[in-house]
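Notes follow the structure.
When reading the values below, keep in mind they use all heavy atoms of this one structure, side chains included, and skip hydrogens, waters and symmetry mates. Sequence lines set the chain letters: A, B, ... in the order given, protein chains first and strands last, and positions in each chain run from 1. Here the structure is a predicted model, which is why all the values come from computation and not from measurement.
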Amino acid sequence: MNHSSDIPSPDALATPFLSLAGVGKTYPGVVALEGLSIDIMPGEVIGLVGENGAGKSTLMKILGGVIAPDRGTILLDGAELRFLTVESSIGSGIAFVHQELNLFENLDVAANIFLGREPLKAGPFKLVDRDRLRDMVKPLLKRVGAHFSADTPVASLSLAEQQMVEIAKALSINARLVIFDEPTSSLPMAETERLLSIIKSLKADGISVIFISHRLHEVERVADRVVVLRDGTLVGTLAKKDIGHDQMVKLMIGRVLAARTAKPQRSPGSVALKASGVRTEAYPGRPVDLEIRYGEIMGLAGLVGSGRTELARVLFGIDRSYGGAILQDGRQIAVRSARDAVARGIFLVPEDRKRNGILLDFPIAQNITLADLPKLSSRFMLSAERERAAAETQRLRLGIKAPSVSTRTGTLSGGNQQKVVLAKWLSMSPRVMIFDEPTRGIDIGAKNEIYSLMRALADAGVAILMISSDMEEVIGVSDRIAVMHEGQIAGILEEDEISQESVLLLAVGKRVK
Amino acid sequence: MIKKDLGLLLLIVVVGIVVAIINPRFLLPINLANTANLIGLFGILSIGQAFVIITGGIELSVGSLVALLGVLFVDFIAVQDMSWMLALPLILALGAVIGAVHGWLITRLNLQPFVVTLCGLLIYRGAARFYTADGTAGFAFGQNFPDLEFLTAGRFYGVPNTFIALVIIAVVMWVMLHRSVFGRYLYAIGKNEEAARYSGIRTGCMVMSAYVICGLLTALSAIYFAMYTRSISPASHGQFYELYAIAAAVLGGFSLRGGEGSIVGVVLGTVLLQELQNLVNLLGIPSSLNFAVMGGVILIGVLIDQQWHAIRAKRRLVSAARQTETRHSNESSLPVVANQD
Amino acid sequence: MIKKDLGLLLLIVVVGIVVAIINPRFLLPINLANTANLIGLFGILSIGQAFVIITGGIELSVGSLVALLGVLFVDFIAVQDMSWMLALPLILALGAVIGAVHGWLITRLNLQPFVVTLCGLLIYRGAARFYTADGTAGFAFGQNFPDLEFLTAGRFYGVPNTFIALVIIAVVMWVMLHRSVFGRYLYAIGKNEEAARYSGIRTGCMVMSAYVICGLLTALSAIYFAMYTRSISPASHGQFYELYAIAAAVLGGFSLRGGEGSIVGVVLGTVLLQELQNLVNLLGIPSSLNFAVMGGVILIGVLIDQQWHAIRAKRRLVSAARQTETRHSNESSLPVVANQD
Amino acid sequence: ADKPTLAFVVNGASDFWKAAEAGVKKAQGEMPDYQMELKYPEQASVAVQQRLMEDLVSAGVKGVMVSAVDPKTQTDGLNKIGSQTALFTTDSDAPQTNRVAYIGSSNVDAGLQAAEIAKKAMPDGGKCIGFVGLLGADNAKERIQGMKDGLKGTRIELTDVRGDDIDQTRAKKNVEDALVASPDVTCMVGFYSYNTPRIYEALRDAGKLGQITVVGFDDDPITLGGVKEGTIAATVVQQPFEWAYQGMKLMAAYLKGDKSGVPGNGLIIIPTVIIGKDDVDKYAASLKAMSGK
Ligand SMILES: Nc1ncnc2c1ncn2[C@@H]1O[C@H](COP(=O)(O)OP(=O)(O)OP(=O)(O)O)[C@@H](O)[C@H]1O
Ligand SMILES: Nc1ncnc2c1ncn2[C@@H]1O[C@H](COP(=O)(O)OP(=O)(O)OP(=O)(O)O)[C@@H](O)[C@H]1O
Ligand SMILES: O[C@@H]1[C@@H](O)[C@H](O)OC[C@H]1O
Ligand SMILES: [Mg+2]
Ligand SMILES: [Mg+2]
């Protein structure tokens, strides 16, 4: 079908334990997967890459028994699997870390990890053997490097810690194949490293892995073979020796991306926003001092739970602060609600897009105009025309891929949803923009667009604070980097001090010389 | 949305035709006017409820409020000799204040709407019964307030003034919900309150306003109900009216999860419910079946709506699959060509 | 969880002591037994409701079901001369079937629980009234069923058998909800149904089971209520019982959003509600205030709970601030050492 | 402080019982060594009423006079109360129980009297529709049956009785709907105390006052006004004041050991009375005197 599959791989003689043949899935209006065929060898790590909406999650959901394919066959050890359900998939030895977190905040860590597969006491009553459960969970937590215990309620974990629970859950299944669907999207560096080594140890045990990620460097490091999807079709397979960042990008989007190290067009201006001794709920004993200047992109790096999101929430008025002051243009301001912040041109692009960023059920136009309605209306009466025009302007400006601005936002790909969030703020002259993990789960093409947008904003004089756990991104995009450690700014790296090592050192609480 | 409303309208018309065929007196102007009158009373109540439901909330104390405010109104003007021009705004204000308190408890103290208004349901009825010492509040024989009575129980060219009031209120509320910034905010909050807050919307304030509007409209309809029955036994007056209002909203396409529904829908829902009540009496169906007929029709309505949606979605899916299949087979030659390149 | 239950227990005890001081007859064995009897009746009902609430659902038809199943039970054994040994399982089965139908409509046809059970509320009461032609179902004079009466209305060493039944059911249901896989699944579903599905849990089946359990327990209590009143006017019997059950669950720490609450909590909630009713009658408070007292106490309870949480969170924060500050100053020397390495 | 307590327990909240409250008060005034009170259940249901009585017994009440919600089938519950206190019934009797005596009207007789009113007002016959709160309640059934019996052999017919569950809005709409559905109706009967005023108002709104014969029950002020005006033919009044006043005194005497007031058959019937146009003023005056207003 294509050139790379013609080349015999070293493992060609080994028999695949799982093969997919002609698997396809259609949603109304979208072909998520055209007929797709892949063989998976024992002990093989397959990197699965592709743009947002390429069909990666769809393929994995089919394997996980979450959705049923419209056509095609799946063979396990040569026998056809029909009517795969979540249970039978797990039963066949397929473990699945979902892209969207699927944890239960009202249950503790142990209950979450073994949900659906609890160890039972003897007897007909299906009683949970809680002691055995705890014993089974402990080594798993240790393996993923978690610092929390088995009976911690999941509600009190951060997003990254929750992702660790998800990984532990996948490891708990006695699997022959583990699927990771963007497991690192909210994992910071150290934890990511640990995950990559976990994958290697799985491979050593003869367990196959499918690893989906938009962080191509990670894919490069662990994959034995890379499978590239575009618009639901398999457009290429890269054997181990051919795996490289540029090759993957070329297959994914059909062209090579220009280097994206756009440098600032101007030197930073005066201090736009200053946090002076601000205390957040997570670290009330740790005051934060931070200055962001007009025209610069200030990166904010740190380990999991170091308190970056909490700081952003306080600056944006979502959480109250537990002390300290926020100053805009040198004058102390009161930010008691997001509305106060918005009125002052301080905007936040939140970490959890679906929960805080957009209304999935609203048309694109209504999402874009939501924050600016008073301006787009006359005497509080909506003007459909003006709304549409404003939304259309933003859609063209940001290149949001959608049939029209009346399309339901929930049907867009992640990258385009993120652009809708951006469009909401860009239409109303920002002074300070806070981006919390702006490219979480977003493909490389869209990522680049967002980076250039951020740079353009900074060049237009906007002060930008970018929280990111993606090392490449922090280093590549920021003009300066503040690093947080346990709720406090451990240090600020100027342009010439920036390096992966210095960020890491500060992040774990060591001092950079 | 509009299609849904049309479906409901169709149901109303079909039921109307069937009833009219069995008993042509259904179409007598006097019967239509009587029914229109009650549509007015319950419609105002249901629109109030709709504002709360849109935010994802619920207002269960409506029936008890109709009793409490009704008792107070009648007592003020019939016993305390207060001028109705004073009593009316006073009761409306009281309704608004109670709505504000509910909104405050829900938005500021983070209590669940169901819980707050359930307590309201219990407390207000108790208060009403205590106020009259379990007696009845009513007018003495021959006690008349011609202006008030014209406004609340009179007719204008045969059309009940309560119905006219409903039409006016519905139009105002339609503009408010479907054409104003406030309405858009309510839908946004109902769909995803957090995202609305992150967009700088003062969600607490908006939700509170929804409860105030509900309180206000409930107070107005409490006055209308009081003037309709002219006597109120607080132990039973208005009992279950919250269910009528919720049922009308649900029939009219509102989702109790919030963020969905239209004013036209809730008015049509009210019309259908009152048509059903009228039908039970006109066709001589035993009174005991009144509730059962109502429940049955709501269930069937919701089921048809759901099935209709499901079938449409399925058909879309099938046609999508067919399209891609033909595309697929057309394209199947392409790779060969590509390989030859 | 356990702390919350303790708070509720404390409230129950304090209220009990105050009432006993004002009217020592509160502690008479006969009064305690009477109250325990009603705690048994309502407790069983509330535990059923709790199972549904845990899944994020609601069962509004409980009161009407108590009427319908009660009418049928009495009619079967008093009029149709069916043996009660046959009628009892028959009614239980009917309750389970009705629960299954609700569960089916909710899980398979995707209807909202509020809507389905609201229709149930209307339909079952209508059916009950129609069945008796709006009359009363009751036993004739002297019609006795000694065994059945002992089981349903008898006492064992002075303890009402209904209360004993409640204790047994509560223990079984506690194990089921808090110690079995099934219970764990229900909590998971209540919090996040989709995620539960992704974990391989057959959510539809589980939710259905919750409604079946609710139907079963409702049927059981319907029989108990029927044997308590020995007469059923279907127009009013069991009216508002769904609210009692929901109120008991809410008082007991259940969230109507699902996924939260404990069996001990709902039983204590029932105890408090019945204690309050008893208190109103014993202290000579006008009965008109009965509902108001109930509503007031629920509201206050929920408020205290909420405030208590808020205060605790604040205190935790302050102590955390103090701790980290000291830890911080201790640590401040560490990096220096590290640097010297 | 420990005076023996006597309780008068009614079947549901309604203005009808206000007169009884006045009667209790008057009796209390004459017998200060007893504590007397009137109790409303929160709802007109057997369970609620039974619970109320049980609690009263726990609270130490010595005598109970009850208007049972459903006396026919409440036998056991009433017996339980009767075994711990002196139990009297009122409003509707429960002869199968261990109650000491019944004091009240005969609802069958009241129905017969309603028939009398109809016959007198419509010598040429007519078609009646009735309205009532609880179709299933005993007093309603007996009144309806009594009226039907009384109308046997005449050209007047009671064709239908519509129920409203004590929802006043439905009570009024039922009348409006009846006017539409049965254009040939010539007479309307309000079986519960509030039904007659609702009939009166619906007829007034429809401009049919005076064209349709109205037969009433009880003495709601609107009912009495309509009778006086001539638009309501007449009303059958019960005497809850007397039930309460005489009943409480009787109960007190009984508890002191004086059983002479209890007749052999245990029935103390205080007759219902037809109040027509000419009797209204006198009756209203006596009501006023009783309530002491
Ligand atoms: N439930 C659904 N209904 C309709 N369309 C869907 C649904 N789920 C996925 N799609 C569409 O199917 C296509 C493939 O989606 P999928 O989630 O597999 O992409 P992906 O490769 O995982 O993207 P990402 O990198 O953003 O996670 C997309 O166009 C998406 O919009
Ligand atoms: N809902 C919560 N309840 C309790 N603690 C929480 C909660 N959310 C976050 N925390 C804690 O607050 C601290 C800071 O979390 P925050 O989300 O601000 O970190 P972050 O640096 O943004 O990391 P992340 O990469 O997870 O976004 C962490 O210790 C986390 O465990
Ligand atoms: O029982 C009462 C009945 O006798 C009266 O006629 O109407 C009101 C009822 O409560
Ligand atoms: Mg995906
Ligand atoms: Mg974060």
Under 4.5 Å from any heavy atom of chain D - which part of [X]:
{"X": "B/Tyr228", "answer": "both"}
{"X": "B/Leu279", "answer": "neither"}
{"X": "B/Ala133", "answer": "both"}
{"X": "B/Arg155", "answer": "neither"}
{"X": "B/Leu38", "answer": "side chain"}
{"X": "B/Tyr224", "answer": "neither"}
{"X": "B/Thr132", "answer": "backbone"}

Notebook entry, point to check: Can you name the ring pair (Phe, Tyr, Trp, His ring centres under 6.0 Å) partners of B/Phe145, sequence neighbours left out?
Noted result: B/Phe139
Does any backbone or side-chain atom of [X] lie under 4.5 Å from a heavy atom of chain B? Answer side chain, backbone, both or neither.
{"X": "D/Pro197", "value": "neither"}
{"X": "D/Arg162", "value": "both"}
{"X": "D/Asn174", "value": "both"}
{"X": "D/Leu224", "value": "neither"}
{"X": "D/Lys173", "value": "both"}

Margin query: side chain to side chain contact (heavy atoms under 4.5 Å, CB included), that's the test. Do B/Asn290 and D/Arg170 meet it? Break it down for me.
Written below: CA-CA 11 Å; B/Asn290 194 321; D/Arg170 265 175 77 196; 3.4 Å; yes
Side chains of residues 73-82 of chain B: which donor-acceptor partners sit under 3.5 Å, not counting sequence neighbours?
from	atom 1	to	atom 2	distance (Å)
B/Asp75	OD2	B/Gln80	NE2	2.7
B/Asp75	OD2	B/Tyr131	OH	2.6

Check: Is there any residue in residues 226-235 of chain D with a non-hydrogen atom under 4.5 Å from a non-hydrogen atom of chain B, and which ones are they?
Finding: D/Gly226, D/Glu229
Check: Excluding sequence neighbours, so at least two apart, what forms salt bridge (charged side-chain N to carboxylate O under 4.0 Å, His left out) with D/Lys127?
Finding: D/Asp184
Notebook entry, point to check: Do B/Tyr241 and D/Thr169 have side-chain atoms, one donor and one acceptor, less than 3.5 Å apart?
Noted result: yes
Checklist line | Distance-only polar pair, side chains of B/Asn278 and D/Asp177, donor-acceptor under 3.5 Å | finding: yes
Item checked: Residue pair B/Arg25, D/Val180: steps toward the side chain to side chain contact (heavy atoms under 4.5 Å, CB included) verdict -> CA-CA 7 Å; B/Arg25 305 185 59 85; D/Val180 173; 4.1 Å; yes
Note to self: Check this for me: D/Lys25, atom NZ, are more than 12 non-hydrogen atoms of other residues, nucleotides or ligands nearer than 6.0 Å?
What the structure shows: no
Note to self: I'd like to know whether B/Asn31 forms a side chain to side chain contact (heavy atoms under 4.5 Å, CB included) with D/Glu176, so could you lay out the CA-CA distance, the side-chain angles of the two residues, the decisive distance to 0.1 Å, and finally the verdict.
What the structure shows: CA-CA 8 Å; B/Asn31 186 52; D/Glu176 292 176 351; over 6 Å; no
Check: Which heavy-atom pair separates B/Leu282 from D/Ala181 by the least distance, and what is that distance?
Finding: CD2-CB, 3.3 Å
